[in-house]
Amino acid sequence: MTKMVPREHKIHLHCFTESFTVAQMWFSVFPNLKIGLTPLVTFPSAKNTHNVARRVPLDKLLLETDSPYFIPRGVPKDQVSLSHPGMAITVAAEVSVLRGTPIDTILEYARENTKFIYGI
């Protein structure tokens with residue numbers, strides 16, 4: 001990828017589930033890269049994702065739902081069969097708990113990072 005994509009290119013690494021070590025490797029190669037975390041972070045078994053959520057610099061974090069696939073833990077699946085963008089707040093809430101950082105701070109960084117990557 002380094003031969004085809006300029007180092008300064010803006011990249012959204014979608015639905016990241018790898019280790020923080022892998023995240024650091026990506027950050028070192030592409031400084032404008034952001035990591036997207038999904039509702040998988042709400043599940044106790046998602047240890048890699050929890051570790052990344054705790055350690056990723058906030059200026060590298062994006063919130064996603066991977067809609068329609070990942071319904072957050074705690075959302076009744078008999079009432080909701082598909083996820084949607086409004087469920088990204090569950091990702092922010094879990095990242096907030098894992099980091100011990102106010103949710104408003106998580107949302108502020110995610111908003112700025114989204115503007116940076118997508119120009120919106």
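Predicted, not measured: the structure shown is a model, and the values here were computed from it.
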Let me see the working for Thr17 and Leu40 under side-chain contact (heavy atoms from CB on, under 4.5 Å), right down to the final yes or no.
CA-CA 8 Å; Thr17 58; Leu40 290 178; 3.8 Å; yes
Is a side-chain donor or acceptor of Arg99 paired with a backbone partner of Val56 at a separation under 3.5 angstrom?
yes
Could you tell me whether the side chain of Thr65 reaches within less than 4.5 Å of the side chain of Val91, counting heavy atoms only?
no
Hey, are the side chains of Lys47 and Asn51 touching, using non-hydrogen atoms and a 4.5 Å cut-off?
no
Derivation and outcome, side-chain contact (heavy atoms from CB on, under 4.5 Å), residues Ile89 and Leu107:
CA-CA 8 Å; Ile89 192 70; Leu107 292 170; 3.8 Å; yes
Mind checking whether Val22 and Phe27 sit in one hydrophobic cluster, side chains of I, L, V, M, F, W, Y counted as touching below 4.5 Å?
yes
To check you understand the geometry: which heavy-atom pair defines the closest contact between Cys15 and Phe70, and what is its length?
SG-CE1, 3.5 Å
Kindly compute the distance separating CD (Glu64) from CD1 (Ile35), expressed to the nearest 0.5 Å.
10.0 Å
Could you check whether any side-chain heavy atom of Met87 comes within less than 4.5 Å of a side-chain heavy atom of Val80, counting everything from C-beta outward?
yes
Say whether, by atom type as modelled, one donor and one acceptor occur between the side chain of Arg7 and the main chain of Val29 under 3.5 angstrom.
yes
For Ile11, is there any backbone N or O sitting under 3.5 Å from a side-chain donor or acceptor partner on Lys34?
no
Under 3.5 Å, side chain of Lys10 to main-chain N/O of Phe116, donor-acceptor pair present?
yes
Using modelled atom types and a 3.5 Å cut-off, is there a donor and acceptor pairing between side-chain atoms of Thr101 and backbone atoms of Ser96?
no
According to a 4.5 Å side-chain heavy-atom criterion applied to Ile, Leu, Val, Met, Phe, Trp and Tyr, with indirect links allowed, do Val5 and Met25 form part of one hydrophobic cluster?
yes
Go through the steps for Glu108 and Arg111 under the test salt bridge (Lys or Arg N to Asp or Glu O under 4.0 Å), then give the verdict.
CA-CA 5 Å; Glu108 182 179 327; Arg111 183 174 37 254; 5.3 Å; no
Keeping Thr49 on the side-chain end and Val41 on the backbone end, is there a donor-acceptor pair under 3.5 Å?
no
Which atom of Leu98 lies closest to which atom of Ala53, heavy atoms considered:
CD1-CB, 3.8 Å
State whether the number of non-hydrogen atoms from other residues, nucleotides or ligands found under 6.0 Å of Tyr109 atom OH is greater than 12.
no
Phe30 and Leu13: side-chain contact (heavy atoms from CB on, under 4.5 Å), yes or no, with the steps?
CA-CA 11 Å; Phe30 296 105; Leu13 196 53; over 6 Å; no
If only atom types and distance count, is the side chain of Glu8 paired as donor or acceptor with the main-chain N or O of Asn32 below 3.5 Å?
no
Linked, directly or transitively: Leu58 and Ile103 (ILVMFWY side chains, under 4.5 Å)
yes
Interatomic spacing from CG in Leu61 to CZ in Phe16 - rounded to 0.5 Å
12.0 Å
Should Leu63 and Trp26 be counted in the same cluster of Ile, Leu, Val, Met, Phe, Trp and Tyr side chains packed under 4.5 Å apart?
yes
Between Glu94 and His50, is there a side-chain donor-acceptor contact under 3.5 Å, judged purely by atom types and distance?
no
Would you say the side chain of Leu37 lies within less than 4.5 Å of the side chain of Leu62, judging by non-hydrogen atoms?
no
Between Phe20 and Arg54, is the side-chain contact (heavy atoms from CB on, under 4.5 Å) condition met? List the steps.
CA-CA 9 Å; Phe20 184 68; Arg54 285 185 192 100; over 6 Å; no
Report yes or no: does Lys60 contribute a side-chain atom to a donor-acceptor pair with the main-chain N or O of Asn113 at less than 3.5 Å?
no
